[in-house]
Amino acid sequence: MKCLNCGAEVRFDPASQGLVCDSCGTSYDLNSYDKEAEKVYAEKDIDATLDANNSPGDGSLGENPGRLKYHEKYIIYHCQSCGAELMGAPNEVAPFCHYCGSQNMIQTGEEAFRPATVIPFQLTKEQAITNYVDTLSKVKFLPPDLKQQEYLNGFRGIYIPYYRYNYDAQGNATLSVSEDRNVGGRRHEVTEYENRYQVSGSFHVNDKDAELALDDSITQQIAPYENGSERYFRDGYIAGFYTDRPDVSPDLYKDKAWAETGTVIQNRLYNRGSDLYGTIESSDVSGVQVTPVGVQTSIRPTWFLTWKKGNRMLYSVMNGQTGKLFADIPIDFGSYFRMSLLVSLIMFVIMWIATAFITVTPAKSLLLTASIIDALLILAGRNVAQYEKRLHSAVDNKVHFHFMTSKSLRLGSGDSANYGFIIFLVILMVLSCFKDADFILYLLPLILGIMVIVMTLVPSCKAKSYGQLFIALIGMLLSLITPIAAAADLPQDYIYYGVSLVFIVLGLLSTGMMFHRYNLLATHPVPNFFTREGGNNGRY
């Protein structure tokens with residue numbers, strides 16, 4: 001879309017909800033631009049007439065404002081690597097695919113996609129970056145690349161298509177109501193009655209995303225959109241932005257949408273009867289006949305940020321209207337181990353100072369180490385089980401899967417497991433100071449070794465995680481032998497320290513595997529839509 005003053009391209013500005021020319025600084029509201037452009041293009045014999053006879057209004061639903069026929073100006077960009085498709089203006093050359101990171105984007109001669117309605121962008125790119133940075137500032141062990149301004153500038157405004165399933169409802173519905181009353185302050189009386197309603201009108205169910213490439217769990221994370229801002233589609237709303245084309249059939253969600261119609265009617269009936277005196281006990285909507293009347297396509301705004309590392313993809317998707325964010329956030333190994341080294345040095349200094357007041361024997365050191373590493377192996381088993389559960393938890397018929405979000409950035413199974421682990425370490429250190437507590441230190445490796453069998457060996461075997469299985473097996477065997485060796489009071493101290501070193505190596509290897517599994521859950525494989533396997537299809 002051209003600036004009527006200088007001829008440069010204009011773009012939609014979320015802040016003003018109008019069009020802006022970055023070349024000469026001229027701004028337009030959509031109505032005035034459409035009216036003026038119709039006159040200018042008519043003089044140049046360009047087909048840009050309104051495709052409705054009425055004059056443009058404010059664009060709100062209920063009044064179709066008409067729109068200029070610019071859609072033949074838009075181009076489809078096709079990714080040769082994964083098959084994803086993107087619609088944009090000719091001057092907005094797509095430098096890379098936002099789903100697989102490939103730069104193999106080519107133009108096609110296919111007809112541009114034209115939706116029925118649109119929710120315009122409300123957030124500017126600068127606001128999206130600020131929101132993203134503020135959210136990630138609270139995350140520990142963040143990969144340093146995600147903080148670079150060059151990476152943050154990669155935010156791209158993309159409209160995601162949704163299907164809206166419309167229905168017509170006619171018939172009779174009933175609410176069963178009970179009313180409690182006290183008569184004369186003594187006698188309790190319950191009155192039951194039915195309130196009948198004539199149902200007539202149209203409605204739609206919750207919109208379903210029509211993009212195969214974008215996982216449904218992500219769109220659920222950034223929902224909802226506020227439909228009060230929805231407008232009839234005009235080309236001006238997508239000027240300067242990209243639009244994904246629908247690449248799944250409306251039939252995919254047809255049965256799911258139909259199953260929701262009864263709930264929608266029932267909820268509206270309950271809202272209608274909310275002013276009734278009494279308690280609504282039940283409803284009967286069997287007398288309401290529901291008829292499908294068609295499917296519309298609407299587009300919703302998202303700010304999309306992509307990061308590719310090796311064969312893994314990281315997606316950050318933000319609701320372009322409300323700012324609600326979904327972010328894949330992996331853990332940086334270097335940041336974690338630097339922090340771990342610092343904590344270890346602090347603990348070493350504390351223990352070194354403590355030796356002036358207490359005596360820690362080699363046998364006691366071995367028992368402490370065995371118990372700590374056993375607890376870590378149990379956490380690893382929980383991590384394996386969590387990985388398998390997420391890996392096989394399908395969200396919908398598109399065979400997509402759940403991912404970690406910014407609210408679940410922990411190893412194990414959440415905060416409780418981590419806090420419990422820390423408390424366990426503190427208790428062990430305290431117990432090691434008391435001679436009368438020695439029997440507990442001897443008993444703990446045996447108990448924890450048995451727990452490793454149930455909570456680590458079994459899940460690792462089921463998941464065919466043979467590396468974790470081998471580590472847990474060695475750790476379990478050493479845990480059962482450790483109390484016997486400590487009780488034997490062997491004179492050779494190097495045996496105790498040698499076994500302790502083996503435990504520490506097992507702990508480091510298990511921690512590394514946990515991080516690896518976590519990062520697999522927190523990122524996506526490179527998609528391949530040519531085989532209709534978008535999103536995570538189990539190929540971790």
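Every value quoted in this text rests on a predicted model; they were computed, and no experiment measured them.
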Donor + acceptor pair across side chains of Gln149, Asn153 (<3.5 Å): yes

Between Phe515 and Phe333, ring centroids under 6.0 Å: yes

Ring pair (Phe, Tyr, Trp, His ring centres under 6.0 Å) assessment of Tyr132 paired with Trp303: CA-CA 10 Å; Tyr132 180 80; Trp303 284 107; over 10 Å; no

Nearest atoms (heavy-atom pairs only) where Thr369 meets Ser500: CG2-O, 3.7 Å

Shortest non-hydrogen separation from Ser298 to Glu230 and the atoms involved: OG-OE2, 3.1 Å

Backbone N/O of Gly323 and side chain of Asn131: donor-acceptor pair under 3.5 Å: yes

Aromatic ring proximity Phe304/Phe155, centre distance under 6.0 Å: no

Rounded distance [0.5 Å steps], CG in Leu448 versus OG1 in Thr482: 11.5 Å

Heavy-atom side-chain contact between Arg164 and Asn166 under 4.5 Å: yes

Ile158 side chain reached by Leu86 side chain, heavy atoms, under 4.5 Å: yes

OG1 on Thr263 to CG on Asn206, rounded to 0.5 Å: 10.0 Å

Tyr163 vs Pro246 side-chain heavy atoms within contact, under 4.5 Å: yes

Minimal non-hydrogen separation, Pro301 against Tyr225, with atom names: O-OH, 2.9 Å

By salt bridge (Lys or Arg N to Asp or Glu O under 4.0 Å) - contacts of Asp244 (at least two apart): none

Separation between CG of Leu377 and CE of Met455, rounded to the nearest 0.5 Å: 11.5 Å

Within 45° cone and under 6.0 Å: Arg300 NZ/CZ vs Tyr162 ring: yes

Residue list, salt bridge (Lys or Arg N to Asp or Glu O under 4.0 Å) with Glu260, at least two apart or on another chain: Lys208

Any donor-acceptor N or O pair under 3.5 Å, side chains Gln321, Ser229: yes

Tyr242 vs Tyr159, ring pair (Phe, Tyr, Trp, His ring centres under 6.0 Å): CA-CA, chis, key distance, verdict: CA-CA 6 Å; Tyr242 295 95; Tyr159 282 100; over 10 Å; no

Atom of Ile453, atom of Leu457 and distance for their closest heavy-atom approach: O-CB, 3.3 Å

Thr302 to Phe121 - nearest heavy-atom pair and separation: O-CZ, 3.3 Å

Lys324 NZ: over 12 foreign heavy atoms closer than 6.0 Å: yes

Close side-chain approach of Asp255 and Tyr253, heavy atoms under 4.5 Å: no

Spacing of CD belonging to Gln266 relative to CG belonging to Asn271, to within rounding of 0.5 Å: 11.0 Å

Flag, side chain of Ser510 to backbone of Gly507, donor-acceptor distance under 3.5 Å: no

Min side-chain heavy-atom separation Arg156-Leu305 under 4.5 Å: no

Flag, side chain of Asn319 to backbone of Ile222, donor-acceptor distance under 3.5 Å: yes

Pairing residues for Tyr165 by the ring pair (Phe, Tyr, Trp, His ring centres under 6.0 Å) criterion, not counting sequence neighbours: none

Side chains of Gln468 and Thr456, donor plus acceptor under 3.5 Å: no

Closest heavy-atom pair and its distance - Ala169, Phe203: CB-CE2, 3.8 Å

Residues, nucleotides or ligands: over 12 heavy atoms within 6.0 Å of Phe470 CZ: no

Check: Tyr315 ring centroid to Trp307 ring centroid under 6.0 Å: no

Point-to-point distance, once rounded to the nearest 0.5 Å, from CG of Leu367 to CG of Leu446: 9.5 Å

Straight-line distance of Ile160 CD1 to Ile119 CD1, nearest 0.5 Å: 12.5 Å

